[in-house]
Protein chains: 2
Amino acid sequence: MSEQLSLRAERLRAAGHKLTHARLSVLRVLEESGGHVTSAEVLERVSALDASIGRASVFRTLDLFTSLLIVRPTYIDSSVTPTYVLMPEGHHHHIICTNCNRVIEFEDCCLSEMTAELEARLGVKLTGHLVEFYGLCDRCRQ
Amino acid sequence: MSEQLSLRAERLRAAGHKLTHARLSVLRVLEESGGHVTSAEVLERVSALDASIGRASVFRTLDLFTSLLIVRPTYIDSSVTPTYVLMPEGHHHHIICTNCNRVIEFEDCCLSEMTAELEARLGVKLTGHLVEFYGLCDRCRQ
DNA sequence: AACTTAATTGATACTCTATCTCAATTAGAA
DNA sequence: TTCTAATTGAGATAGAGTATCAATTAAGTT
Ligand SMILES: [Zn+2]
Ligand SMILES: [Zn+2]
Ligand SMILES: [Zn+2]
Ligand SMILES: [Zn+2]
């Protein structure tokens, strides 16, 4: 396979998982869709890429990616289906407008001190985080 | 009704919603179950309290509480159903172990500065937040 | 390049959560 | 008490995600 492998694919392999066609397709879809996608959207786009990939594999892959923190499911717009958020370097931060469900991402991270403090105090090993703020976006604020 | 009303019930009323029997029952179940409950658990416990309350009302109430930030759905242990987390004063912080799905809560909040900064920079009005750390708990770290 | 094997896959039937509909009820104001 | 819009419960329906299992495949070994 001469295909260029993304960093995340390497992480998959490093964690002892096979780089299968189904998994690489899901990864590609996630990386090409900008960061916030529902499972229905992933299903649809994977199917468009290769209709022979089964739904079960897509869900299995999303579960696997979740456990590896490549992706994190979150509930935007309180629907049934989670929205999968890419976690670029293990962390992600956004604001969800409680009125229109718009998602505003931001990069600033002020949690490295707190990460170290929690690891020391609780004996845990932290590898990522998600910060969600809720409120009204500039438009909905009137 | 001579029943003592919780602070959250007052918030419900203040937001212009009726304090119905179904809503107060869901609220009671949430407050009595310590903070992390799935919709199935809420359904079951509400039903135990009063079997005449319909499933649809429970889901409608969970949606309403979500939009009011009384509760926030999150994705613990990759099951189908979200886990509803109580947001005591608009914010909540926890660590999810990616190995055993244990949830460790903590109170420390270092986000008030960032809240003010985001409001100023982006023109938003923030009313709450959820901080989720991922990693290995002390037991799973070996 | 062929061999080996455990991991992974896809089809499909199935489970079960959540939504929809609508007539009946109810909270809360007057 | 009367009034009315908000809310409810039942039951039917939709649709997301899972279980099963024989067939396939990634990737290490020879
Ligand atoms: Zn908005
Ligand atoms: Zn961060
Ligand atoms: Zn653990
Ligand atoms: Zn906080």
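Every chain is numbered from 1, with letters handed out A, B, ... down the list of sequences.
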[N] phosphate, OP1 or OP2, under 4.0 Å from [X] side-chain N/O:
X       : N      : result
B/Ser39 : C/dA18 : yes
A/Arg55 : D/dA16 : no
A/Thr20 : C/dT9  : yes
B/Ser57 : D/dG9  : yes

Roughly how many Å is it from [atom1] in [X] to [atom2] in [N], rounded to a whole number?
X       : N      : atom1 : atom2 : value
A/Tyr75 : C/dA18 : OH    : C1'   : 12 Å
A/Leu24 : C/dT8  : CG    : C1'   : 13 Å
B/Leu19 : D/dA6  : CG    : P     : 16 Å
B/Leu62 : C/dT17 : CG    : P     : 13 Å
A/His17 : C/dT8  : NE2   : P     : 7 Å
B/His21 : D/dG9  : NE2   : P     : 8 Å
B/Glu10 : C/dG28 : CD    : P     : 11 Å
B/Glu44 : C/dA18 : CD    : P     : 14 Å

Item to complete: If the plane angle is over 60° it's perpendicular, under 30° parallel, otherwise tilted; pick one for B/Tyr75 and A/Tyr75.
Response: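 If you compare the ring of B/Tyr75 with that of A/Tyr75, the planes turn out tilted.
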
Discussion item. Tell me whether the rings of B/His92 and B/His36 are parallel (<30°), tilted (30 to 60°) or perpendicular (>60°).
Written reply: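 Answer is perpendicular, since the angle exceeds 60°.
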
If you check every side-chain atom of [X], which of [options] has the closest atom?
X       : options                : value
B/Asp63 : D/dT20, C/dT19, C/dT21 : C/dT19
A/Phe59 : D/dT8, D/dG17, C/dT9   : D/dG17
B/Pro82 : C/dA18, D/dA5, C/dA6   : C/dA18
B/Ala56 : C/dA18, D/dT18, D/dG11 : D/dG11

Worksheet item: Nearest nucleotide by nearest heavy atom, which residue falls closer to the 5' end of DNA chain D, B/Ile53 or A/Arg60?
Response: B/Ile53

Item to complete: Starting at NE2 of A/His91, measure out to SG of A/Cys109 and round the result to the nearest 0.5 Å.
Response: 5.0 Å

Worksheet item: Which is true for A/Leu43 with a 4.0 Å heavy-atom rule: it touches a base, it touches only sugar-phosphate, or it touches nothing?
Response: nothing

Worksheet item: Do side-chain atoms of A/Arg45 reach the backbone of A/Arg28 as a donor and acceptor pair under 3.5 angstrom?
Response: no

Practice prompt. Could you pick out which residue, B/Lys18 or A/Gly16, lies toward the 5' side of DNA chain C when each is mapped onto its nearest nucleotide?
Written response: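 The residue whose closest nucleotide sits nearer the 5' end is A/Gly16.
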
Fill in: Flag side-chain contact, heavy atom, 4.5 Å: B/Thr61 against B/Leu27
no

